[in-house]
A.B. asks: 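Shown below is the structure under consideration.
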2 protein chains.
Amino acid sequence: MTSTEHQEHGRADAPLAGVRPTRQRLAVAAALEAFDDFRSAQEIHELLAQRGEKVGLATVYRTLQRLTESHDVDMLRTEDGEAIYRRCSDTHHHHLVCRECGATVEVEGPAVERWTSSIAAEHGYADISHTLEIFGTCTACTAG
Amino acid sequence: MTSTEHQEHGRADAPLAGVRPTRQRLAVAAALEAFDDFRSAQEIHELLAQRGEKVGLATVYRTLQRLTESHDVDMLRTEDGEAIYRRCSDTHHHHLVCRECGATVEVEGPAVERWTSSIAAEHGYADISHTLEIFGTCTACTAG
DNA sequence: GTCCGGTTGAGAACCGTTGTCAAATCCCCC
DNA sequence: GGGGGATTTGACAACGGTTCTCAACCGGAC
């Protein structure tokens, strides 16, 4: 957030559009493809290390931050405040997450969107945003 | 979460029911009454200090933890992962929070509760819980 | 009063995250 | 094709919120 700096990065079509596609940034993006569920920055950093991709932890954080800002990845917080990341579709959606294995389903709820807007309007709140995540235990984990 | 330890603390009628009502715990509970909005543990600790109540920071954390577990206070996380607390009613509810001043409205949304349950069932997820918070700018802050 | 287990507090430890800054890298332009 | 300036990187330190440690302390039962 400097001052006049302004270019519609991201969300043009591919992630990382508008920024230099360095080896490190590509590696992080690729790593995100390897997961289907939410992972912490440190886990991603570890995966990269295992793959032989040497990327500094700070760079992983910086890249994830950037991708989050451009809405190419979703970031949410675990119960204990740790940030976890996952590549995402570009429509507004929420998550149904298994608290055992992390398996994630993206869900949409137009009714909820409408409800939050009307509640907010009703109380005179402007410029609304909301967070909604659903946690549960998936079939596989219930069985196991 | 030890093993056989089990006694229905809290939620009997008053907060802190079932535990020793020490000076420190009472002070924290009283401090929570002084706020109408979400505050961090450190802010609460500060308020206590200002009031001349000497309570260790660790104790504030421990007490808030306990009150959260017994559902006498709500805990939620700010965008940057910090835990904030607020005394709450005992019915299940969500919050409409002003991101400027923290002014909070408790809201209920039976439809949302139903929606999350059905979504979860639909995907075979069991033992469901969910988080839903709405952030916006309240009338006062929009005007100011 | 005495005893005992729950509680406290000061500080260290912890851990995820961000800042620092010199070195490396990249891209534009000549 | 090579220089130069801006961007990016990475090792490491610093930071901030939270939890742990453990000896001293206290409260309630008898």
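Quick note on labels: first sequence line is chain A, next is B, and so on, each numbered from 1.
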A.B. asks: Below the 4.0 Å mark, does dT19(D) have OP1 or OP2 next to a side-chain nitrogen or oxygen of Gln65(B)?
C.D. replies: yes

A.B. asks: For residues 136-144 of chain A, which side-chain donor-acceptor pairs fall under 3.5 Å, sequence neighbours excluded?
C.D. replies:
{"residue": "Thr142(A)", "atom": "OG1", "partner": "Cys138(A)", "partner atom": "O", "Å": "2.9"}

A.B. asks: Run the salt bridge (Lys or Arg N to Asp or Glu O under 4.0 Å) test against Arg114(A) and tell me which residues pass, sequence neighbours left out.
C.D. replies: none

A.B. asks: Please report the distance, rounded to the nearest Å, between CG in Leu67(B) and P in dT7(C).
C.D. replies: 13 Å

A.B. asks: Write out all pairs satisfying ring pair (Phe, Tyr, Trp, His ring centres under 6.0 Å) with one or both partners inside residues 109-144 of chain B, taking only residues at least two apart or from two chains.
C.D. replies: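 Listed once each, the pairs are His92(B)-His130(B), His94(B)-His130(B).
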
A.B. asks: Flag yes if Leu32(B) and Val60(B) sit in one hydrophobic cluster, no otherwise; membership is Ile, Leu, Val, Met, Phe, Trp, Tyr, and two members link when side-chain heavy atoms are under 4.5 Å apart.
C.D. replies: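 Yes: a chain of side-chain contacts under 4.5 Å links Leu32(B) to Val60(B).
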
A.B. asks: Looking at five pairs on each end of the helix from dG1(C)-dC30(D) to dC30(C)-dG1(D), what is the angle between the two axes, given to 10 degrees?
C.D. replies: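 That helix gives 20° between its end axes.
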
A.B. asks: Could you list the cluster mates of Tyr61(B)? Members are the ILVMFWY residues connected by side-chain heavy atoms closer than 4.5 Å, either directly or through other members.
C.D. replies: Leu57(B)

A.B. asks: Tell me if the side-chain of Arg62(B) makes a donor-acceptor pair with the base of dG9(C), cut-off 3.5 Å, by modelled atom types.
C.D. replies: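 Looking at the base of dG9(C), it does pair with a donor or acceptor on the side chain of Arg62(B) (distance under 3.5 Å).
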
A.B. asks: Between Arg87(A) and Asp36(A), is there a salt bridge with N-O shorter than 4.0 Å?
C.D. replies: yes

A.B. asks: Looking at residues 34-55 of chain B, who's got a heavy atom less than 4.0 Å off DNA chain C?
C.D. replies: Lys54(B), Val55(B)

A.B. asks: Judged by atom type as modelled, is there a donor-acceptor pair below 3.5 Å linking the side chain of Thr68(B) to the main-chain atoms of Leu64(B)?
C.D. replies: yes

A.B. asks: At 4.0 Å (heavy atoms only), tell me whether Arg25(B) reaches a base, stays on the sugar-phosphate, or touches nothing.
C.D. replies: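 Here Arg25(B) touches the backbone only, sparing every base.
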
A.B. asks: Can you hop from Val105(B) to Val112(A) via hydrophobic side chains spaced under 4.5 Å?
C.D. replies: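 In one cluster with Val105(B): Val112(A), yes.
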
A.B. asks: Are OP1 or OP2 of dT18(C) and a side-chain N or O of Tyr61(A) less than 4.0 angstrom apart?
C.D. replies: no

A.B. asks: Sequence neighbours excluded, which residues qualify as side-chain hydrogen bond (donor to acceptor under 3.5 Å, both in side chains) partners of Arg77(A)?
C.D. replies: none

A.B. asks: Please list, one pair per line, the donor and acceptor atoms closer than 3.5 Å that link side chains of residues 18-26 of chain B to other protein atoms, with sequence neighbours excluded.
C.D. replies:
{"residue": "Thr22(B)", "atom": "OG1", "partner": "Arg25(B)", "partner atom": "N", "Å": "3.3"}
{"residue": "Arg23(B)", "atom": "NH1", "partner": "Glu53(B)", "partner atom": "OE1", "Å": "3.3"}
{"residue": "Arg23(B)", "atom": "NH1", "partner": "Lys54(B)", "partner atom": "O", "Å": "3.4"}
{"residue": "Arg23(B)", "atom": "NH2", "partner": "Lys54(B)", "partner atom": "O", "Å": "3.1"}
{"residue": "Arg25(B)", "atom": "NE", "partner": "Arg20(B)", "partner atom": "O", "Å": "3.1"}

A.B. asks: Quick one: Leu57(B) CG to dA10(C) P, roughly how many Å, whole number?
C.D. replies: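 The answer, rounded to whole Å, is 10 Å.
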
A.B. asks: Walk me through it: do Leu76(A) and Thr131(A) pass the test side chain to side chain contact (heavy atoms under 4.5 Å, CB included)?
C.D. replies: CA-CA 9 Å; Leu76(A) 60 85; Thr131(A) 66; over 6 Å; no

A.B. asks: Going by ring pair (Phe, Tyr, Trp, His ring centres under 6.0 Å), name the pairs with one or both residues in residues 19-60 of chain B, residues two or more places apart or in two chains.
C.D. replies: Phe38(B)-His95(B)

A.B. asks: Look at Arg23(A) and dT8(D) and indicate whether a side-chain polar atom (N or O) is within less than 4.0 Å of OP1 or OP2.
C.D. replies: no

A.B. asks: What residues from residues 74-87 of chain A pass a heavy-atom cutoff of under 4.0 Å to DNA chain C?
C.D. replies: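 By residue number: Glu82(A), Ala83(A).
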
A.B. asks: Salt bridge (Lys or Arg N to Asp or Glu O under 4.0 Å) with Glu106(A): which residues, sequence neighbours excluded?
C.D. replies: Arg86(A)

A.B. asks: Atom CD of Glu69(A) and atom P of dT18(C): how far apart are they, to the nearest Å?
C.D. replies: 10 Å

A.B. asks: Output one letter per nucleotide in nucleotides 23-30 of chain D: B when a protein non-hydrogen atom lies under 4.0 Å from the base, S when only the sugar-phosphate is that close, - when neither is.
C.D. replies: ----S---

